[in-house]
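Worksheet for the structure shown next.
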Amino acid sequence: NAGVTQTPKFQVLKTGQSMTLQCAQDMNHEYMSWYRQDPGMGLRLIHYSVGAGITDQGEVPNGYNVSRSTTEDFPLRLLSAAPSQTSVYFCASSYGGNQETQYFGPGTRLLVL
Amino acid sequence: GDSVTQMEGPVTLSEEAFLTINCTYTATGYPSLFWYVQYPGEGLQLLLKATKADDKGSNKGFEATYRKETTSFHLEKGSVQVSDSAVYFCALALTGGFKTIFGAGTRLFVKA
């Protein structure tokens, strides 16, 4: 089992560019989430999914899109990057809802210039 | 709204010292409570959890007790090691919901 994998590990973008952060899990988990981690602010939920074809907004969804076409994959799209999106992004999955243990990927460090 | 507050860091201790990291929460229902740990350069991983009042979670020498009367879930370890140096996050999840709320994290440095 690879667990939760994320690519790329590090990315530099210019303001206005778009990109997709990839996330995949091989544990057959229904629940997947994207968080951003900023200094002094802990993790904040961007979007989440409770199964293939079902997504919903979290606490800080503006500027991000998601889709869930398969159980395994949950990509996060930045449509027009802004410096405020400089952060570390974590993908997580869990077997059940939020009461269950979440398994996190290693993170993607994004710098927007 | 629902929230988690944990003590600010960094916390610096010598090896074999006693550790306490305070965590208090505000929740409208009856949440499950978690401690996650993040080692340098890695994602978060579950350290321990408790799902109801008076439950004690424990793992790797760490313990935390779910105190409903004080809305607290303080993390303790009797004797820390250098390898415990990491960032520790307290979190809550409300029953029937889909979101987990994290505290800001507390960085722990343990000196040899």
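Here is how names work: the chains are called A, B, and so on, in the same order as the sequence lines, proteins then strands, and each is numbered from 1.
- Residues of residues 30-45 of chain B having a heavy atom under 4.5 Å from any heavy atom of chain A, listed by number: B:Ser32, B:Phe34, B:Tyr36, B:Gln38, B:Gly41, B:Glu42, B:Gly43, B:Leu44.
- For B:Ala104 against A:Gly40, the heavy-atom pair with the smallest separation is CB-O, 3.4 Å.
- Looking at heavy atoms from C-beta onward, A:Gln102 lies in side-chain contact with B:Thr100 at the 4.5 angstrom threshold.
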Please set out all donor-acceptor pairs under 3.5 angstrom arising from side-chain atoms of residues 15-22 of chain A, sequence neighbours excluded.
{"residue": "A:Thr15", "atom": "OG1", "partner": "A:Leu113", "partner atom": "O", "Å": "2.6"}
{"residue": "A:Gln17", "atom": "OE1", "partner": "A:Lys14", "partner atom": "N", "Å": "2.7"}

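- If you measure heavy-atom distances from A:Tyr31 to chain B, the contacts under 4.5 Å come from the side chain alone.
- When the side chains of ILVMFWY residues are joined at heavy-atom separations under 4.5 Å, either directly or via intervening members, B:Ile21 and A:Leu43 end up in two distinct hydrophobic clusters.
- Remark: B:Glu16 CD is loosely packed, at most 12 non-hydrogen atoms of other residues, nucleotides or ligands lying under 6.0 Å away.
- Heavy-atom neighbours of chain B within the stretch residues 54-90 of chain A, taken at a separation under 4.5 angstrom, comprise A:Gln57, A:Phe90.
- A:Thr101 OG1 to B:Leu48 CG: the interatomic distance, rounded to the nearest 0.5 Å, is 10.5 Å.
- Within a 6.0 Å radius of CZ in A:Arg109, other residues, nucleotides and ligands contribute 12 heavy atoms or fewer.
- Cluster membership check: B:Phe89 does not share its hydrophobic cluster with B:Tyr25, using side-chain heavy-atom separations under 4.5 Å among Ile, Leu, Val, Met, Phe, Trp and Tyr.
- Hydrophobic clustering (ILVMFWY, side-chain heavy atoms < 4.5 Å, transitive): B:Phe62 and B:Leu108 are in one cluster.
- A:Leu45 touches chain B through its side chain: at least one heavy atom from C-beta onward sits under 4.5 Å away, while N, CA, C and O do not.
- When the shell of 6.0 Å around CD of B:Gln81 is examined, it contains more than 12 heavy atoms from other residues, nucleotides or ligands.
- Residue A:Trp34 is not grouped with residue A:Val50 when hydrophobic side chains (ILVMFWY) are merged at heavy-atom distances under 4.5 angstrom, including chains of intermediate members.
- The contact between B:Lys99 and chain A is made by backbone and side chain atoms together, counting heavy-atom distances below 4.5 Å.
- In the hydrophobic clustering of ILVMFWY residues, with side-chain heavy atoms under 4.5 Å counting as a link, B:Leu92 and B:Tyr88 come out together.
- With sequence neighbours left out, the side chain to side chain contact (heavy atoms under 4.5 Å, CB included) criterion links B:Ser14 to B:Lys111.
- A distance of 10.0 Å separates OG1 in B:Thr51 from CD in A:Glu100, rounded to the nearest 0.5 Å.
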